[in-house]
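Presented below is the structure to which this report refers.
None of these values were measured; they are calculated from a predicted model. Atoms considered below: every heavy atom in the structure, side chains included; atoms not considered: hydrogens, waters and symmetry mates. Here, residue 1 is the first one in the sequence, and each next residue gets the next number.
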Amino acid sequence: MENKPPSQTTQFILFGAMGDLAWRLVGPALFNLYLDGQLSPGFRVLGVDREVTVDALSARLRDGVRQFSRRGAPSAEQWDRFCTALDVLAMDLQDSASYTTLANRLGDGQSDAIRVFYLAIPPGLFDAVAGGLAAAGLNGNESRTRIVVEKPLGHDLASFRAIDRTLREHFAECQIYRMDHFLGKETVQNILALRFANPIFEPIWNRRYIDHVTITVAEKIGVGHRAGYYERAGALRDMVQNHLLQLMCLVAMEPPVAYDADDIRNKKLDVLRACRSIPVDQVSAFAVRGQYASGWIEGQQTAGYRDEPGIAPDSNVETYAAVKLLVDNWRWQDVPFYLRTGKCLADAVSEISIRFRDVPHNAFPAVSGVNSQPVRLVIQIQPQEGIILKFMAKEPGSPLRLRPVDMRFAYGEAFSRPSPAAYETLLHDLLLGDATLFMRSDQVQAAWQLLMPIIETWQANPAPDFPNYPAGSWGPEAAERLVARDGRAWLTPSQWHPRGAASDEH
Ligand code: BG6
């Protein structure tokens, strides 16, 4: 990937400029790219919203930078310089005539400009905007015009197909950039480097050596101010359908021929295609849902999900989901992938744990192995960023005793350069026209297809036991049973000690 700003003028048209996404994520990322000299010299932002002025947008974005940027509040001078690139257009996105005004504003003389239409708006408006842009002739030039959409991309397979049809009616697939911000995280991108830039992992990266894989994305926060969205989504749609399946694809995919958008995305799609379908009558053997009750997090008593503002008192929405997936191919036959995610859990931690098989024969005396632990490779995504290989070593002295120890790589120690935020990486790639870290239509569709039996079953059968885990715990008991049935256990991430000590399975 080139690390240079594009040389052409770029027009970045931000729909929903006064909204939450622009405020928290897009604005801070654009500003950091600007500070890092990653925007082209003629870079312009056109903030579009129903009601917007340059002053209001500048104040709103500046507040977002102050609160959410990794660099903190901007200096007045930096901000004023950045704002010289800022312009606004107040328009009603449903009004088709206003797209002609937009086209006029963007100007004909900019035929070689890169144009990015960033839809930081609810999916219900995608149709109006994509259609309006096309009617005004703003969808042309496949290599220079891009449209960006964010999840949620649909509510189920049918609604995803409807959104996708709308977008693809007006834009070519190569123009559509579907964001999954997990793919912009440094540690997530490093999965490919770990696997394919080192010769030692690939030979053992298969069913012969790996017993199972767990992927945990645990959050301490609850639903916060997003009740309206979350009540229609839930953990399976919000996290598993995109972020967790993307992580699984990176762990399970075959080596790409080249680090190239289509090759990598083809290989990831193959993983989803190889996932065994979950029979509708066996959903409970493959998936578990949970909803948090009140509990304690960091010494604070927190409300249960049903008591949060804007949540229905009898809500059936899951705030926790765990899924077991099997990948039917030569590499992974019979190696389960256990995925789990939830809100209001005991810790905020995302990590992938690759659990290797036990030795075929233990030659050490029984007493030496009392603390014996399986070998694991743990890819820490956040908040720790690194990789740990946990293996057995001999304790000094006699009698002969073995103990688990850790070999660690920590991003912060190995590299002095701070990691860019995920949105910075993705926006940078978007401006360069590199779609490797964006989701392709067929991939999103395959992810929906895979989860539909769970979605339909859960929808048709309200959970009789909700709420079923206290805030501050590791989720519902049924999630323990999901893996225990296979003779396995989740790894509790908070039990990872730098020097490895006590048992890490519970
Ligand atoms: C978003 C989900 O996609 O990812 C949120 O909608 C979730 O519910 C968030 O909190 C987690 O992302 P991160 O980067 O904070 O781990």
Side-chain angles (χ1 to χ4, degrees), residues 2-91 93 98 101-110 112-121 138 144-146 148 150 177 179 181 184 416-433:
E2 256 186 286
N3 205 24
K4 284 190 300 202
S7 50
Q8 300 106 306
T9 304
T10 304
Q11 297 177 323
F12 192 94
I13 299 96
L14 181 56
F15 290 95
M18 295 294 285
D20 185 71
L21 188 61
W23 172 60
R24 281 188 304 114
L25 294 159
V26 183
L30 280 178
F31 183 61
N32 279 328
L33 289 175
Y34 165 75
L35 292 181
D36 290 336
Q38 297 293 342
L39 300 181
S40 63
F43 189 88
R44 308 278 313 160
V45 180
L46 180 66
V48 178
D49 218 314
R50 182 180 281 274
E51 281 176 24
V52 60
T53 62
V54 172
D55 285 348
L57 182 60
S58 163
R60 171 90 170 146
L61 294 183
R62 186 173 185 174
D63 180 62
V65 169
R66 184 180 59 77
Q67 290 198 49
F68 305 110
S69 163
R70 64 187 164 87
R71 289 189 165 108
S75 73
E77 193 230 327
Q78 284 170 337
W79 190 253
D80 288 348
R81 265 196 289 123
F82 176 68
C83 284
T84 58
L86 206 59
D87 203 352
V88 293
L89 176 65
M91 73 181 249
L93 300 185
S98 57
T101 317
L102 173 64
N104 292 337
R105 179 68 78 82
L106 294 177
D108 301 334
Q110 299 284 0
D112 71 335
I114 292 175
R115 263 184 201 153
V116 173
F117 296 106
Y118 200 109
L119 275 49
I121 49 175
L138 289 169
R144 288 196 289 266
T145 304
R146 292 157 211 164
V148 188
E150 296 245 357
Y177 286 67
M179 295 275 275
H181 78 281
S416 54
R417 201 172 148 197
S419 299
Y423 265 75
E424 290 166 41
T425 304
L426 294 176
L427 290 190
H428 175 260
D429 285 6
L430 163 71
L431 297 175
L432 292 175

Audit row: Leu427, Leu30, side-chain contact (heavy atoms from CB on, under 4.5 Å) steps and yes/no: CA-CA 8 Å; Leu427 290 190; Leu30 280 178; 3.9 Å; yes
Could you give me the CA-CA distance, side-chain angles and deciding distance for Asp63 and Arg60, then say whether salt bridge (charged side-chain N to carboxylate O under 4.0 Å, His left out) is met? CA-CA 5 Å; Asp63 180 62; Arg60 171 90 170 146; 5.5 Å; no
Go through the steps for Phe82 and Val65 under the test side-chain contact (heavy atoms from CB on, under 4.5 Å), then give the verdict. CA-CA 12 Å; Phe82 176 68; Val65 169; over 6 Å; no
Go through the steps to decide whether Asp80 and Thr84 satisfy the test side-chain contact (heavy atoms from CB on, under 4.5 Å), and finish with yes or no. CA-CA 7 Å; Asp80 288 348; Thr84 58; over 6 Å; no
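Scanning all heavy atoms of the two residues, the minimum distance from Ala22 to Leu14 falls at CB-CD2, 3.9 Å. Nearest heavy atoms, Val48 versus Ile13: CG2-CG2, 3.8 Å. A pairwise comparison of heavy atoms in Met18 and Glu51 identifies CG-O, 3.9 Å as the closest pair. For the residue pair Val52 and Gly47, the shortest heavy atom distance occurs at CG1-O, 3.9 Å.
For the atom pair Thr101 OG1 and Leu89 CG, the distance stands at 7.0 Å (nearest 0.5 Å). Taking OH from Tyr423 and CG from Leu33, the interatomic distance works out to 13.5 Å, rounded to the nearest 0.5 Å. If you take CD on Gln11 and CZ on Arg105, they are separated by 11.0 Å, rounding to the nearest 0.5 Å. Here Tyr177 contributes atom OH and Arg146 contributes atom CZ; the two are 5.0 Å apart, rounded to the nearest 0.5 Å. In this structure, the separation between CZ on Arg70 and OG on Ser419 is 8.5 Å, given to the nearest 0.5 Å. Interatomic distance, CZ of Phe15 versus CG of Leu119, reported as 6.5 Å (0.5 Å rounding).
In this structure, Arg50 places its CZ atom where only 12 or fewer heavy-atom neighbours from other residues, nucleotides or ligands lie under 6.0 Å away.
In this structure, the salt bridge (charged side-chain N to carboxylate O under 4.0 Å, His left out) partners of Glu77, at least two apart in sequence or on a different chain, are Arg81. Every residue meeting the ring-ring contact (aromatic ring centres under 6.0 Å, His included) condition with Tyr118, not counting sequence neighbours, appears here in chain and number order: Phe12. The side-chain hydrogen bond (donor to acceptor under 3.5 Å, both in side chains) test applied to Arg71 returns Asn32, Asp36, not counting sequence neighbours.
For the pair Thr10/Leu39, no side-chain contact is recorded, criterion being any heavy-atom separation below 4.5 Å from C-beta on. Inter-residue side-chain proximity for Val148 and Leu426 is flagged as unmet; no heavy-atom pair is nearer than 4.5 Å. With contacts defined as side-chain heavy-atom distances shorter than 4.5 Å, the pair Leu138/Thr145 does not qualify.
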